[in-house]
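These numbers come from the heavy atoms of this one structure, side chains and all, not from hydrogens, waters or symmetry mates.
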Amino acid sequence: RKAVHLEGGTEFRFPAGTRKFNGEIAKENEAHRIVRGLLITDVELPSGLRPLGVAVTHLDHMDVAQRRTQLRHIVREAGDGALLLMGDLNALTRSDYSDGAWRRL
């Protein structure tokens, strides 16, 4: 159905003169954003049932605030329909949260 570049993503800077992954040399104060995507398709179900939206993504691995931004974008992309979301959501574990934050989850 569609491919989407998600909003957000951790931004970082290579030190000037560093050879980046693509082979280019980083310039002073050059920023790089880790862009994540979302693929959505519809799976046809037996007669009489509406198609099921299925999506796959790989959320930001460095910043929970960026994951929230990306998840809000996914919710908007889902619209009013049901969407089964799969992929690497980079969720943290219980030990990563305070008791209060864990209760809010």
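Going from atom CZ of Arg68 over to atom CG of Asp63 covers 8.5 Å, rounded to the nearest 0.5 Å. In this structure, CG on Leu49 lies 10.5 Å from CD on Glu44, to the nearest 0.5 angstrom. One finds the CZ atom of Arg36 at 11.5 Å from the CD1 atom of Ile74 (value rounded to the nearest 0.5 Å).
When each of Leu45, Thr41, Asp42 is tested with Leu52 by the rule side chain to side chain contact (heavy atoms under 4.5 Å, CB included), just one qualifies, namely Leu45. For the side-chain hydrogen bond (donor to acceptor under 3.5 Å, both in side chains) with Glu7, the qualifying choice from Arg76, Gln70, Gln66, Arg72 is Arg76, the only one to do so.
Closest of all the heavy-atom pairs between Pro15 and Ala26 is O-CB, 3.7 Å. The shortest non-hydrogen separation linking Arg50 to Ala82 is NH2-N, 3.6 Å. Looking at every heavy atom in both residues, Glu30 comes nearest to Ile25 through OE1-O, 4.1 Å. The two residues Leu38 and Ala55 have their closest heavy-atom pair at CD1-CB, 3.7 Å. Closest heavy-atom contact between Ala78 and Leu83: CB-CD2, 3.6 Å.
For the pair Asp60 (side chain) and Thr10 (backbone), a donor-acceptor distance under 3.5 Å is present. Formation of a donor-acceptor pair under 3.5 Å by the Arg67 side chain with backbone atoms of Leu59 is not found in this model. Although no hydrogens or angles enter the test, the distance criterion places a donor-acceptor pair under 3.5 Å between the side chain of Arg13 and the main chain of Asn29.
Residues Leu71 and Leu6 fail the side-chain proximity criterion, which asks for heavy atoms closer than 4.5 Å. Contact of the His73 side chain with the His5 side chain is not registered, since no non-hydrogen atoms from C-beta on lie closer than 4.5 Å.
Counting non-hydrogen atoms of other residues, nucleotides and ligands closer than 6.0 Å to CG of Asp80 gives a total of 12 or fewer. The environment of CZ in Arg94 is crowded: more than 12 heavy-atom neighbours from other residues, nucleotides or ligands sit within 6.0 Å. Other residues, nucleotides and ligands contribute over 12 non-hydrogen atoms within 6.0 Å of the NZ atom of Lys20.
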Could you walk me through whether His61 and Ile34 pass the side chain to side chain contact (heavy atoms under 4.5 Å, CB included) check? CA-CA 10 Å; His61 68 290; Ile34 300 173; 3.9 Å; yes
Are Leu89 and Thr57 close enough, and set up right, to give a side chain to side chain contact (heavy atoms under 4.5 Å, CB included), and what steps lead you there? CA-CA 7 Å; Leu89 305 181; Thr57 191; 4.0 Å; yes
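Classification of the Trp102-Tyr97 ring pair by plane angle, with boundaries at 30° and 60°, yields tilted. Ring orientation note: the planes of Phe14 and Phe21 are nearly perpendicular, at an angle over 60° on the 30°/60° scale.
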